[in-house]
Amino acid sequence: MGGLETERTTTGWAARDPSGVLSPYTYTLRSTGPEDVFVKVMCCGICHTDLHQAKNDLGMSNYPMVPGHEVVGEVLEVGSDVSKFRVGDIVGVGCIVGCCRNCRPCDSDNEQYCHKKIWSYNDVYTDGKPTQGGFAGSMVVDQKFVVNIPEGMAPEQVAPLLCAGVTVYSPLNHFGLMGSGLRGGILGLGGVGHMGVKIAKAMGHHVTVISSSDKKKVEALEHLGADDYLVSSDAEGMQKAADSLDYIIDTVPVFHPLEPYLSLLKLDGKLILTGVINTPLQFVSPMVMLGRKSITGSFIGSMKETEEMLNFCKEKNLTSMIEVVKMDYINTAMERLEKNDVRYRFVVDVAGSKLDQ
């Protein structure tokens, strides 16, 4: 296997240009150190952000790029100062693999807001080497950014929780919206949205799914357990639901008007943006003034919140609804994701795939 001072190679599937097409790519893993964990990747979820990054939608992509930030794997080796993990542990790695550790966000367990955070891929690590993600055979990660997966949780079910799950859990936690009896809305029923319904219901909320069509109505109400379903183009239904919600988690990752949804919020209601959108959104100020409403954003969650969220999902027996695919299907999966043709998250069976062909 090689000692901790020996560099290793691994094979992942990388985008080489803004076409976003992924193909096998062998590269050197950064040297592991005393605080590092060497992880054999078992599976990895496919997030809409992977699509944005692979296609350079945000104008900041560097190639070759191995995406993937919903990673579950097995610990093969640990550094001499690693105290949280042992060989054989099943662990998770999310969107962040580094931070400065001495700014206000870092000091308050909000390292995802550190201005010097290091992304798990499409970034540069402290040693000057590019970071690469979980569509690969293995990773080396600082123990601070690794979480234990609670015993009994299936790896492929857990993978989407590491981004989609904590993206919903974190704002509910931070804004004091975890108490039972609240009325919440989930705008958009994709990977994040479907976990939003499940987590909010498990907290005892009355949950309304808001979507652009009625295509997912049966799934939302019967399979996910939502209480109500609103089609945003149904003027009468939207009018009836005005001033009824304590919060809306907006998961839509493309441009959309905000005003129809602001009207659904009660006094002091919150519209929480979680989708990455690279065009400006618009609203008129009276929509927020006349109700003291807030438009705010939330980005994934802290490592502490990720651990809490995993324990919450274990306790409530929550799982994600997934479609498991092999690595050689990854480009088709990305095309289908772009068309919203997935219920509700693709998960790549990395360990069961041939990565070099």
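Numbering starts at 1 and runs along the sequence shown. We use all heavy atoms of the structure for the numbers below, so side chains are in, but hydrogens, waters and symmetry mates are not. Bear in mind that the values here come from a model prediction, so they are computed numbers and not experimental data.
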J.: When you look at V254 and V252, which way does the side chain to side chain contact (heavy atoms under 4.5 Å, CB included) test go after all the steps?
T.: CA-CA 6 Å; V254 294; V252 177; 3.7 Å; yes
J.: Please answer: with hydrophobic residues joined when any side-chain heavy atoms are less than 4.5 Å apart, are V146 and V71 in the same cluster?
T.: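 Looking at the clustering, V71 is in the same group as V146.
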J.: So among H194, E219, E323, which one has a side chain to side chain donor-acceptor pair (under 3.5 Å) with Y344?
T.: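 Going through H194, E219, E323 one by one, the side chain to side chain donor-acceptor pair (under 3.5 Å) with Y344 is satisfied by E219 alone.
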J.: So, taking the atom named CG in L267 and the one named CG in L290, what distance separates them when rounded to the nearest 0.5 Å?
T.: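 Reported to 0.5 Å precision, the distance equals 11.0 Å.
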J.: In sequence, state the C-alpha distance, the side-chain angles, and the governing distance for K266 and D243, and then conclude on salt bridge (Lys or Arg N to Asp or Glu O under 4.0 Å).
T.: CA-CA 4 Å; K266 295 178 183 177; D243 301 313; over 6 Å; no
J.: Is it true that a side-chain atom of E156 and a backbone atom of C43 form a donor plus acceptor pair closer than 3.5 Å?
T.: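 Checked: no pair found.
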J.: Find out whether V166 and L161 are in side-chain contact, i.e. whether some heavy atom of one side chain is under 4.5 Å from a heavy atom of the other.
T.: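 Result no, sub-4.5 Å side-chain heavy-atom pair not found.
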J.: Quick one: closest heavy-atom pair of G133 and A136, and the distance?
T.: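 For G133 and A136, the tightest heavy-atom pair comes out as O-CB, 3.7 Å.
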J.: Can you see which heavy atom on V66 is nearest to which on A14, and at what distance?
T.: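 Closest approach of V66 to A14, heavy atoms only: CG2-CB, 3.8 Å.
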J.: Under a 3.5 Å distance rule, please check whether E70 uses its side chain to pair with a backbone N or O of G94 as donor and acceptor.
T.: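 Such a contact is absent between E70 side chain and G94 backbone.
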J.: Would you say the side-chain atoms of D89 pair up with the backbone N or O of R86, donor to acceptor, closer than 3.5 Å?
T.: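 Checked: pair present.
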J.: Measuring from atom CG of D57 to atom NE2 of H52, what distance do you get when rounded to the nearest 0.5 angstrom?
T.: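 If I round to the nearest 0.5 Å, the distance is 6.0 Å.
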J.: Where do T11 and T26 land on the side-chain hydrogen bond (donor to acceptor under 3.5 Å, both in side chains) test, with the steps shown first?
T.: CA-CA 4 Å; T11 299; T26 298; 2.8 Å; yes
J.: Check for a donor-acceptor pair, side chain of D349 on one end and backbone N or O of G352 on the other, with a separation under 3.5 Å.
T.: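 Side chain of D349 to backbone of G352: a pair is present.
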J.: Using a 3.5 Å distance criterion without hydrogens, assess whether the side chain of K216 forms a donor-acceptor pair with backbone atoms of L189.
T.: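 Looks like yes, one N/O pair under 3.5 Å.
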J.: Kindly indicate whether the side chain of M238, heavy atoms from C-beta on, has any atom under 4.5 Å from the side chain of L264.
T.: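 Sidechains of L264 and M238: in contact.
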J.: Determine whether a donor-acceptor pair (N or O, by modelled atom type, separation under 3.5 Å) exists between the side chain of N110 and the backbone of Y113.
T.: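 Judged by distance alone, no pair lies under 3.5 Å.
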J.: For the side chain of T10 and the backbone of S138, is there at least one donor-acceptor N/O pair under 3.5 Å apart?
T.: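 Yes; at least one donor-acceptor contact below 3.5 Å.
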J.: Do the side chains of V37 and V140 get nearer than 4.5 Å, heavy atoms only?
T.: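 In short, these two side chains do not touch, never coming nearer than 4.5 Å.
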J.: Compare every heavy atom of M153 with every heavy atom of I149, then report the nearest pair and how far apart it is.
T.: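 Between these two residues, the closest heavy atoms are CG2-CB, 4.1 Å.
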J.: For D36 and G33, indicate whether the former's side chain and the latter's backbone hold a donor-acceptor pair under 3.5 Å.
T.: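 Yes, because the side chain of D36 sits within donor-acceptor range (under 3.5 Å) of the backbone of G33.
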J.: Can you tell me how far the OG1 atom of T28 sits from the NZ atom of K129, to the nearest 0.5 Å?
T.: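 Taking OG1 in T28 and NZ in K129, the distance rounds to 6.0 Å.
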J.: Is there a continuous path of hydrophobic side-chain contacts, each under 4.5 Å between heavy atoms, that joins L182 to I210?
T.: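 No: no chain of side-chain contacts under 4.5 Å links L182 to I210.
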J.: For Y169, is there any backbone N or O sitting under 3.5 Å from a side-chain donor or acceptor partner on N173?
T.: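 Not a single qualifying donor-acceptor pair exists.
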J.: Grab the two heavy atoms, one from M139 and one from L29, that are nearest each other, plus how far apart they are.
T.: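 Result for this residue pair: CA-CD2, 4.3 Å.
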J.: Show the numbers, then the answer: is there a side chain to side chain contact (heavy atoms under 4.5 Å, CB included) between I90 and V72?
T.: CA-CA 7 Å; I90 306 302; V72 177; 3.7 Å; yes
J.: Would you check if there is a donor-acceptor pair between the side chains of S120 and T131 at a distance under 3.5 Å?
T.: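 Side-chain D/A pair, T131 to S120: absent.
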J.: Can E77 and R8 be said to form a salt bridge (Lys or Arg N to Asp or Glu O under 4.0 Å), step by step?
T.: CA-CA 12 Å; E77 194 168 27; R8 305 177 176 88; 2.2 Å; yes
J.: Tell me whether F145 shares a hydrophobic cluster with F85, the cluster being built from Ile, Leu, Val, Met, Phe, Trp, Tyr side chains joined at under 4.5 Å.
T.: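 Both belong to a single hydrophobic cluster.
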J.: Does a side-chain N-to-carboxylate-O contact under 4.0 Å join D142 and R101?
T.: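 The answer is yes: the pair qualifies as a salt bridge.
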J.: Looking only at heavy atoms, what is the nearest atom pair of L265 and L271, with distance?
T.: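 Scanning both residues completely, I find the closest heavy atoms to be CD1-N, 3.7 Å.
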J.: According to a hydrophobic-cluster definition based on side-chain heavy atoms being under 4.5 Å apart (Ile, Leu, Val, Met, Phe, Trp, Tyr only), do I322 and M334 belong together?
T.: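 Looking at the clustering, M334 is in a separate group from I322.
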J.: With rounding to the nearest 0.5 Å, note down the distance linking NZ in K240 to CG in D234.
T.: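 CG of D234 is found 8.5 Å from NZ of K240.
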J.: Please check if the number of heavy atoms outside K40 that lie under 6.0 Å from its NZ is greater than 12.
T.: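 12 or below, so no.
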J.: Determine yes or no for a side-chain-to-main-chain donor-acceptor pair under 3.5 angstrom, with K270 supplying the side chain and I295 the backbone.
T.: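 Flag not set: sc K270 to bb I295 has no pair under 3.5 Å.
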J.: Any side-chain donor-acceptor pair under 3.5 Å between Q112 and S302?
T.: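 The criterion, which ignores hydrogens and geometry beyond distance, is not satisfied for S302 and Q112.
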J.: May I ask whether M65 and Y25 are part of the same hydrophobic cluster, defined by side-chain heavy atoms of I, L, V, M, F, W, Y residues being less than 4.5 angstrom apart, directly or through others?
T.: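 M65 does not cluster with Y25.
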J.: Within the structure provided, determine whether W119 and I96 are in side-chain contact (heavy-atom separation under 4.5 Å).
T.: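 The answer is yes, as the side chains (C-beta and beyond) meet within the 4.5 Å cut-off.
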J.: Once rounded to the nearest 0.5 Å, what's the spacing between atom SG of C163 and atom CD1 of I46?
T.: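 Separation between the atoms: 12.5 Å.
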J.: Quick one: are V97 and Y121 in side-chain contact, heavy atoms under 4.5 Å?
T.: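 With C-beta onward as the side chain, the pair stays apart.
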J.: Would you indicate whether K84, at its atom NZ, is surrounded by more than 12 heavy atoms from other residues, nucleotides or ligands within a distance under 6.0 Å?
T.: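 Result for NZ/K84: enclosed.
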J.: Contact between L281 and F255 at the side-chain level, heavy atoms closer than 4.5 Å - yes or no?
T.: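 Counting from C-beta outward, L281 and F255 do come under 4.5 Å.
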J.: Apply side chain to side chain contact (heavy atoms under 4.5 Å, CB included) to the pair I249 and L172, showing each step before the final yes or no.
T.: CA-CA 9 Å; I249 295 181; L172 294 177; 4.0 Å; yes
J.: If you apply the rule ring-ring contact (aromatic ring centres under 6.0 Å, His included), what do you find for Y329 with W13, and how did you get there?
T.: CA-CA 11 Å; Y329 190 79; W13 278 52; over 10 Å; no
J.: Apply the test side chain to side chain contact (heavy atoms under 4.5 Å, CB included) to residues K326 and V348: give CA-CA distance (whole Å), side-chain angles for both, the deciding distance (0.1 Å), then the verdict.
T.: CA-CA 5 Å; K326 301 292 189 189; V348 182; over 6 Å; no
J.: Under a 4.5 Å cut-off applied to non-hydrogen side-chain atoms, are P160 and V347 in contact?
T.: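 Contact flag for P160/V347 side chains = yes.
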J.: With distance as the sole criterion, is a donor-acceptor pair present between the side chains of H205 and D227 under 3.5 Å?
T.: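 There is no such pair (donor and acceptor under 3.5 Å, judged by atom type) between the side chains of H205 and D227.
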J.: Tell me, do S170 and E305 make a side-chain contact under 4.5 Å, heavy atoms counted?
T.: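 The answer is yes; the side chains approach within 4.5 Å.
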J.: Around atom NZ of K314, are there more than 12 heavy atoms of other residues, nucleotides or ligands at under 6.0 Å?
T.: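 More than 12 within 6.0 Å, yes.
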J.: Is the NZ or CZ atom of R336 both under 6.0 Å from the centre of the six-membered ring of F346 and within 45° of that ring's axis?
T.: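 Verdict for F346: no cation-pi partner in R336.
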J.: Establish, from distance only, whether the side-chain atoms of T274 and S298 form a donor-acceptor pair under 3.5 Å.
T.: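 The criterion, which ignores hydrogens and geometry beyond distance, is not satisfied for S298 and T274.
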J.: Hey, are N122 and Y63 close enough side-chain-wise for a donor-acceptor pair under 3.5 Å?
T.: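 Their side chains do not contain a donor-acceptor pair, so the 3.5 Å distance test is not met.
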J.: T208 and Y229: which non-hydrogen atoms are nearest, and at how many Å?
T.: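 Answer, listing the atom of T208 first, then Y229: CG2-N, 4.4 Å.
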J.: How far does CD1 of I186 sit from CG of D250, to the nearest 0.5 angstrom?
T.: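 Output value for this atom pair is 10.0 Å.
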